[in-house]
Protein chains: 2
Amino acid sequence: MKHLVRTSKNLGHAIRQARKAKNLTQKELASMSGVWQETISKIENGSGGTKLETVFDLIAALELEITVAERSKGTSDGLEDIF
Amino acid sequence: MKHLVRTSKNLGHAIRQARKAKNLTQKELASMSGVWQETISKIENGSGGTKLETVFDLIAALELEITVAERSKGTSDGLEDIF
DNA sequence: ACAATTTATGATCCAGGGGTCATATACGAT
DNA sequence: ATCGTATATGACCCCTGGATCATAAATTGT
């Protein structure tokens with residue numbers, strides 16, 4: 001699944017979905033990423049203001065990757081997902 | 001151009017490149033994104049700790065988009081770029 | 001319904017980000 | 001080399017994210 005991320009809420013969804021897909025609890029993800037469970041909770045719920053590094057830590061632990069590219073003009077390339 | 005972003009430095013490169021591609025100065029980007037020129041400078045140079053929202057503002061102003069997806073196992077999908 | 005586990009909330013403390021201004025340094029053109 | 005513009009740096013303050021601990025609320029399994 002490919003997530004378009006424009007807001008913290010989007011990011012939260014993407015992360016929660018990836019975590020669930022791997023059957024991890026927030027606490028487990030916490031210990032593998034070094035990010036506190038409480039913080040993960042906030043992030044998954046889209047509370048803004050998160051620091052980039054924290055996101056990178058989670059992304060890495062979940063074996064996801066972030067890409068930045070020109071806004072696709074409706075290419076609808078792969079199946080996308082936006083909330 | 002599609003940028004794989006794993007670190008703040010990567011992000012900085014992607015943003016600077018996109019800005020240059022649009023022939024914008026940091027100051028111009030600043031006024032169109034609401035992010036201070038000084039801050040843009042820091043971000044482009046990969047100084048970590050940036051807040052997500054700040055990144056979103058820049059990405060939007062530069063008409064870029066961020067996607068999160070499973071780590072591609074060497075798919076080498078489109079032409080990528082990693083620093 | 002109950003117990004166990006998972007997630008959310010709340011408070012405190014501290015370090016660092018970003019707004020803001022001033023200035024230094026780098027870069028380009030002539 | 002000089003002028004003008006662009007980018008980087010430094011200092012200040014305020015505000016908030018995240019570490020941390022305790023606990024509440026929600027979810028899940030039986």
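Throughout, protein chains are lettered first and strands after them, A, B, ... in sequence-line order, and every chain is numbered starting at 1. All figures in this text were calculated on a predicted structure; none of them were measured in a lab.
Among the protein residues, A/Thr50 comes within range of the sugar-phosphate backbone only, with heavy atoms under 4.0 Å from sugar or phosphate atoms but none that close to a base. Using a 4.0 Å heavy-atom cutoff across all strands shown, B/Glu44 reaches no nucleic acid atom at all.
Listed candidates were D/dG17, C/dT6, C/dG10. Nearest to the side chain of A/Glu38 is C/dG10. Residue B/Gln26 places its side chain closer to D/dT7 than to any other of C/dA8, D/dT7, D/dG17. Closest to the A/Lys51 side chain, of the nucleotides D/dT7, C/dT7, D/dG18, is D/dG18. Closest to the side chain of B/Trp36, out of C/dA8, D/dT7, C/dT20, is C/dT20.
Atom-to-atom, NZ of A/Lys20 to C1' of C/dT6 comes out at 10 Å; the value is rounded to the nearest Å. Computed from coordinates, the A/Leu29 CG to D/dG18 P distance equals 14 Å when rounded to whole Å. Rounded to whole Å, atom P of C/dT5 lies 9 Å from atom NZ of A/Lys27. At whole-Å resolution of the value, NZ in A/Lys42 and C1' in C/dA11 are 11 Å apart. Rounded to whole Å, atom P of C/dG17 lies 14 Å from atom CG of B/Leu11. Atom-to-atom, CG of A/Asp57 to C1' of D/dG17 comes out at 14 Å; the value is rounded to the nearest Å. Atom P of nucleotide D/dT9 and atom CD1 of B/Ile40 are separated by 15 Å, given to the nearest angstrom. Between the P atom of D/dA6 and the CG atom of B/Leu24 lies a distance of 11 Å, rounded to the nearest Å.
Between B/His3 and B/Ala14, the shortest heavy-atom contact is CG-CB, 3.6 Å. Between B/Ser47 and B/Thr50, the closest heavy-atom pair is O-OG1, 3.6 Å.
Taking 4.0 Å as the cut-off between side-chain N and carboxylate O, A/Glu44 and A/Arg19 count as a salt-bridged pair.
Contact annotation: B/Asn45 side-chain N/O to D/dA8 OP1/OP2 distance is under 4.0 Å. Under 4.0 angstrom from either OP1 or OP2 of C/dT7 there lies at least one side-chain N or O belonging to A/Arg19. A close approach under 4.0 Å does not occur between any side-chain nitrogen or oxygen of B/Ser41 and OP1 or OP2 of D/dT9. Under 4.0 angstrom from either OP1 or OP2 of D/dA19 there lies at least one side-chain N or O belonging to A/Thr39. Within the structure, a side-chain polar atom (N or O) of B/Arg16 is placed less than 4.0 Å from OP1 or OP2 of D/dA8.
The nearest heavy atom of DNA chain C to A/Gln37 and to B/Thr54 marks one nucleotide each, and the one closer to the 5' end goes with A/Gln37.
Inter-residue side-chain proximity for A/Leu24 and A/Met32 is flagged as met; some heavy-atom pair is nearer than 4.5 Å.
Listed for the A/Glu53 side chain is a donor-acceptor partner under 3.5 Å among the backbone atoms of B/Gly49.
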